[in-house]
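Protein chains get the first letters and strands the later ones, always in sequence-line order, with residue 1 at the start of each. No hydrogens, no waters, no symmetry mates; every other heavy atom, side chains included, goes into these values.
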There are 2 protein chains.
Amino acid sequence: MSDPLSKRRLKMWIRLLGVTRAAESHLREFLRVQHDTTLPRFDVLAALYRRREGVTMSELSRMLLVSNGNATTVVDRLENDGLVRRTPSETDRRTVFVALTAEGLRQFEVLATQHEAEVGRLFANLSEADLDVLTDILKRMGPR
Amino acid sequence: MSDPLSKRRLKMWIRLLGVTRAAESHLREFLRVQHDTTLPRFDVLAALYRRREGVTMSELSRMLLVSNGNATTVVDRLENDGLVRRTPSETDRRTVFVALTAEGLRQFEVLATQHEAEVGRLFANLSEADLDVLTDILKRMGPR
DNA sequence: CCAAACAATTTCAAGTTTAAAATTTTCCGG
DNA sequence: CCGGAAAATTTTAAACTTGAAATTGTTTGG
């Protein structure tokens, strides 16, 4: 027989996945329709905004929990669009730093405001108390 | 300035996304290494297991929150591997029913047991009380 | 009846994602 | 110094995903 607690954990996981996917879909649609961009692009810009001084490709893919190859192609496109710049490291010729361009920064700041508002709407029925509890639990669920 | 509550909701969302993506990565790896399969395939099998009598393609993509086109290609592959069967509807020639084959059922039952155990391990440090609270909140976050 | 709206599915093009292999460069023990 | 292990990144092949268009079939208002 299967442990009833593990069955409850499974049900919770399925529900968690459902909620997250639904919210992701909504935000993807929001970015596409309102801002003609995509979630992966937004994620990269957000990561580079948090680390204004620039990050290496490896750091970037670790931050976003995506593969190196994936980070490469998204950055390729953003670079072509002039939102992001690659700068070879002076000291280690293997590494490349990626950072927002002025245009990338400008665009992201617009995007971020709207995105925050949309997330606010999406989770409007979570009270301050809910957020406290939820945040505490999520912290404990994080990668140990 | 931006509403501090919406900022908290944003932080919560980022954390939620991180936890979910990390767990998804872990399970993807688990399915690949231990069972030589993928998450989307598993998701389709799981949906068909829950609805043993079969579902239409549209129902399937609604259940999984993926596009119709996506459901088509994953089902294509599973059909080629003999895990899933398509049966045209008698009454409406537009619709197709998808269901597990005997082999699909057999394979999924093995998979499901292992998967549940893995999810149990992943969230081992969530207590019964955590699950109560979390489930309640997730219900209220759902698409209402 | 019948044209038009609607519905279910597949096809398509473009982009995303992954894991593995390949490439280039650095580091290190002997 | 040198040969191999390790590191950072890119490339590659295959799978996944999406939204839109195309296809095929059903329904319905006039």
Side-chain angles (χ1 to χ4, degrees), chain A residues 17 20-22 24-45 47 54-81 84 86-98, chain B residues 17 20-22 24-45 47 54-81 83-98:
Chain A
L17 202 49
T20 305
R21 285 186 179 166
E24 254 189 290
S25 279
H26 181 97
L27 290 173
R28 193 186 307 283
E29 168 91 356
F30 168 76
L31 288 173
R32 184 176 59 82
V33 172
Q34 307 287 325
H35 300 284
D36 192 33
T37 190
T38 66
L39 202 46
R41 289 170 67 100
F42 178 82
D43 286 345
V44 167
L45 295 181
V55 295
T56 66
M57 291 300 292
S58 297
E59 283 181 276
L60 185 59
S61 56
R62 264 195 305 277
M63 289 172 77
L64 302 181
L65 302 179
V66 301
S67 67
N68 275 358
N70 184 2
T72 294
T73 70
V74 177
V75 167
D76 282 350
R77 283 186 230 275
L78 289 171
E79 194 179 29
N80 279 332
D81 294 348
V84 139
R86 269 189 249 239
T87 315
S89 163
E90 299 284 337
T91 60
D92 184 339
R93 274 186 296 182
R94 292 171 304 180
T95 91
V96 183
F97 293 104
V98 192
Chain B
L17 202 49
T20 305
R21 284 186 179 166
E24 255 189 290
S25 281
H26 181 96
L27 290 173
R28 195 187 306 284
E29 167 92 355
F30 168 76
L31 288 173
R32 183 176 58 83
V33 172
Q34 308 287 327
H35 299 284
D36 192 33
T37 190
T38 66
L39 203 45
R41 288 170 68 100
F42 179 83
D43 286 346
V44 168
L45 295 181
V55 296
T56 67
M57 292 300 293
S58 298
E59 282 180 276
L60 185 59
S61 57
R62 264 195 304 278
M63 288 171 79
L64 302 180
L65 302 178
V66 302
S67 67
N68 275 358
N70 184 3
T72 295
T73 71
V74 178
V75 167
D76 282 350
R77 284 186 230 276
L78 289 172
E79 194 179 30
N80 279 332
D81 293 348
L83 303 184
V84 138
R85 178 180 22 249
R86 269 189 249 239
T87 315
S89 163
E90 299 284 336
T91 60
D92 185 338
R93 275 185 297 181
R94 292 170 305 179
T95 91
V96 183
F97 293 103
V98 193

Legend entry - B:Ser58 side-chain N/O to C:dT9 phosphate OP1/OP2 under 4.0 Å: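 Result: yes.
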Inset, instruction - Tell me whether the OP1 or OP2 atom of C:dA8 has a side-chain N or O from B:Thr95 closer than 4.0 Å. - result: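 So the side-chain polar atoms of B:Thr95 never come under 4.0 Å of the phosphate oxygens OP1 or OP2 of C:dA8.
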Inset, instruction - Take B:Asp81 and B:Arg41 through the test side-chain contact (heavy atoms from CB on, under 4.5 Å) and record every step on the way to the result. - result: CA-CA 11 Å; B:Asp81 293 348; B:Arg41 288 170 68 100; 2.8 Å; yes
In whole angstroms, how far is the [atom2] atom of [N] from the [atom1] atom of [X]?
X: B:Met57; N: C:dT11; atom1: CE; atom2: C1'; answer: 13 Å
X: A:Asp36; N: D:dG19; atom1: CG; atom2: C1'; answer: 13 Å
X: B:Glu79; N: D:dA15; atom1: CD; atom2: P; answer: 16 Å
X: A:Asp76; N: C:dG15; atom1: CG; atom2: P; answer: 12 Å
X: B:Glu24; N: D:dC16; atom1: CD; atom2: P; answer: 14 Å
X: B:Asn80; N: D:dA15; atom1: CG; atom2: P; answer: 11 Å
X: B:Leu31; N: D:dC16; atom1: CG; atom2: C1'; answer: 15 Å

What's the shortest heavy-atom distance between [X] and [Y], and which atoms?
X: A:Arg86; Y: A:Thr72; answer: NH2-O, 4.0 Å
X: A:Asn68; Y: A:Ser61; answer: OD1-OG, 2.5 Å
X: A:Val44; Y: A:Val74; answer: CG2-CG1, 3.6 Å
X: B:Ala47; Y: B:Leu60; answer: CB-CD1, 3.8 Å
X: A:Ala71; Y: A:Val66; answer: N-CG2, 4.3 Å

Inset, instruction - List the steps and the verdict of side-chain contact (heavy atoms from CB on, under 4.5 Å) for B:Val55 and B:Phe97. - result: CA-CA 5 Å; B:Val55 296; B:Phe97 293 103; over 6 Å; no
Inset, instruction - Answer yes or no: does atom CG of A:Asp36 have more than 12 heavy-atom neighbours from other residues, nucleotides or ligands under 6.0 Å? - result: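 No - once you tally the heavy atoms of other residues, nucleotides and ligands closer than 6.0 Å, there are 12 at most.
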Legend entry - Base-contact (B) and sugar-phosphate-only (S) positions in nucleotides 16-26 of chain C, heavy-atom cut-off under 4.0 Å, - elsewhere: BBBSS----BS
Inset, instruction - Just call it for A:Arg86: base, sugar-phosphate, or nothing, with non-hydrogen atoms closer than 4.0 Å on any strand. - result: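 The answer is sugar-phosphate, as A:Arg86 gets under 4.0 Å only of primed atoms, P, OP1 or OP2.
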Legend entry - Test: B:Glu29 and B:Arg32 ion pair at under 4.0 Å: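 Yes.
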Inset, instruction - Enter the inter-axis angle for the ends of the helix from C:dC1-D:dG30 to C:dG30-D:dC1 (five pairs per end, rounded to 10°). - result: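 If I round to tens, the end axes sit 10° apart.
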